[in-house]
Amino acid sequence: MNETIAKLLNEQINKEFYSAYLYLDMSNYYDELDLDGYANYYMVQAQEERDHALLFMKYMQSNGLKVTLDAIDKPDKVFTDVLDPLVAAAEHERYVTALINNIYHECYAAKDYRTMKFLDWFVDEQMEEEDNADSMISRYKLFGTDAKGLYMLDQEYKARVYAPPSLVIG
């Protein structure tokens, strides 16, 4: 495998673990506001991101590549209202999409079709993640500024359960 691609894949592991850390921070913020549903939503999101990191690790290991884990940065966002984490999550998902697209671009240039095939799942996943993040913002703006609407959204998000990714590697 091309050194640049291997480096980008390894960096993506750390970025995915950071994403999990960021979503844990958002979950904690909502927990402090007693918005258990929003807290649950981002706890599940953190689990997904952790598993994304593990998928990248497994892919690298399956290809005989060395995995190097770096320190995870502390989330740098400060939240002051219910909308702040939603906006931060949408921005972060667009950032992750750009990272995945960059790796894909490098794979295309290097004709690394196997890694492109692996990344296809993440490309689809990022489209879904961005859509979900944008939808949460829209729904909050429509309904969440009203106490009853916020309560209903919170109850809906409380029902979210974790479903591990179905991507098989190896």
Side-chain angles (χ1 to χ4, degrees), residues 9 11-59 69-104 116-169:
L9 290 172
E11 288 172 357
Q12 191 63 31
I13 292 168
N14 197 63
K15 301 289 186 187
E16 297 291 341
F17 279 128
Y18 173 80
S19 295
Y21 211 45
L22 177 64
Y23 290 134
L24 283 173
D25 193 44
M26 291 175 183
S27 177
N28 185 55
Y29 176 76
Y30 284 123
D31 185 68
E32 290 170 359
L33 297 177
D34 289 327
L35 290 170
D36 298 338
Y38 281 90
N40 176 65
Y41 185 93
Y42 284 107
M43 182 61 70
V44 169
Q45 201 63 25
Q47 291 171 306
E48 280 190 11
E49 301 302 340
R50 180 209 58 213
D51 278 358
H52 294 171
L54 296 176
L55 288 169
F56 277 100
M57 283 179 62
K58 180 67 175 167
Y59 181 77
L69 298 176
D70 294 321
I72 301 170
D73 293 333
K74 179 181 176 181
D76 62 351
K77 301 289 183 188
V78 176
F79 308 124
T80 59
D81 65 37
V82 176
L83 185 60
D84 284 351
L86 303 178
V87 172
E91 290 169 355
H92 185 72
E93 289 301 339
R94 285 189 284 280
Y95 167 71
V96 173
T97 296
L99 294 171
I100 299 295
N101 288 345
N102 184 53
I103 300 169
Y104 204 97
M116 288 170 63
K117 183 172 173 52
F118 166 72
L119 290 172
D120 283 342
W121 184 87
F122 289 95
V123 170
D124 292 342
E125 176 72 5
Q126 282 310 120
M127 184 173 64
E128 180 183 320
E129 296 291 1
E130 285 188 42
D131 184 55
N132 289 341
D134 290 340
S135 177
M136 288 183 77
I137 292 169
S138 296
R139 295 178 81 212
Y140 176 79
K141 287 179 178 178
L142 285 170
F143 311 113
T145 55
D146 171 73
K148 288 179 185 176
L150 181 59
Y151 176 79
M152 296 300 287
L153 288 172
D154 193 56
Q155 292 303 301
E156 179 181 328
Y157 297 140
K158 192 182 287 188
R160 184 179 190 210
V161 294
Y162 180 64
S166 59
L167 182 64
V168 177
I169 301 169

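In this chain, residues are counted from 1 in sequence order. Hydrogens, waters and symmetry mates play no part in the numbers below; they use all other heavy atoms, side chains included.
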Whether R160 side chain and Y41 backbone form a donor-acceptor pair below 3.5 Å: yes
Relative to the ring of Y23, is the ring of H92 parallel (under 30°), tilted (30 to 60°) or perpendicular (over 60°)? perpendicular
Can you measure from NZ (K77) to CG (D84) and round to the nearest 0.5 angstrom? 9.5 Å
Under the side chain to side chain contact (heavy atoms under 4.5 Å, CB included) rule, what do K141 and L83 come out as? Steps first, then yes or no, please. CA-CA 8 Å; K141 287 179 178 178; L83 185 60; 4.2 Å; yes
Could you state the interatomic distance from CD (E49) to CD (E129), rounded to the nearest 0.5 Å? 5.5 Å
Value for CG (D70) from NZ (K15), rounded to nearest 0.5 Å, stands at 9.5 Å
May I have the step-by-step check of side chain to side chain contact (heavy atoms under 4.5 Å, CB included) for F17 and L69, ending in yes or no? CA-CA 10 Å; F17 279 128; L69 298 176; 4.2 Å; yes
Which word best sums up how the rings of Y42 and Y30 line up, parallel for under 30°, tilted for 30 to 60°, or perpendicular for over 60°? parallel
As an exercise, state the distance from CE of M26 to OH of Y21, rounded to the nearest 0.5 Å. 14.0 Å
Measure the spacing between CG of L153 and CG of D146 and express it to the nearest 0.5 Å. 10.0 Å
Hits for salt bridge (charged side-chain N to carboxylate O under 4.0 Å, His left out) against E125, two or more places apart or cross-chain, chain-then-number order -> none
Looking at A39 and S27, what are the two nearest heavy atoms and their distance? O-OG, 2.7 Å
Could you walk me through whether E16 and V96 pass side chain to side chain contact (heavy atoms under 4.5 Å, CB included), step by step? CA-CA 8 Å; E16 297 291 341; V96 173; 4.0 Å; yes
Minimal heavy-atom distance between D154 and G37, with the atoms involved, is OD1-N, 2.8 Å
Decide side chain to side chain contact (heavy atoms under 4.5 Å, CB included) for Q12 and I100; before the verdict, give the C-alpha distance in whole Å, the side-chain angles of both, and the deciding distance to 0.1 Å. CA-CA 8 Å; Q12 191 63 31; I100 299 295; 3.8 Å; yes
Taken in chain and number order and not counting sequence neighbours, the residues that satisfy ring-ring contact (aromatic ring centres under 6.0 Å, His included) with Y29 are F79
E11: which residues meet the salt bridge (charged side-chain N to carboxylate O under 4.0 Å, His left out) condition with it, sequence neighbours left out? K7
Partners passing side chain to side chain contact (heavy atoms under 4.5 Å, CB included) against D36 (at least two apart in sequence or in another chain): D31, K158
Checking the side chain of S138 only, and the main-chain atoms of D134 only, is there a donor and an acceptor separated by less than 3.5 Å? yes
Could you list the residues that satisfy side chain to side chain contact (heavy atoms under 4.5 Å, CB included) with Y151, not counting sequence neighbours? Q155
If you look at every heavy atom in L86 and I137, which pair is closest and at what distance? O-CD1, 3.6 Å
Between D51 and Q47, is there a side-chain donor-acceptor contact under 3.5 Å, judged purely by atom types and distance? no
Going by the rule side chain to side chain contact (heavy atoms under 4.5 Å, CB included), which residues pair with L150 if we only count those two or more places apart in sequence or in a different chain? L35, Y38, V82, Y140
Grab the two heavy atoms, one from F118 and one from L55, that are nearest each other, plus how far apart they are. CZ-O, 3.8 Å
Is there a donor-acceptor pair under 3.5 Å between the side chain of Q126 and the backbone N or O of E93? yes
Atom pair OG1 (T97) and CZ (R94), whose distance is rounded to the nearest 0.5 Å: 9.0 Å
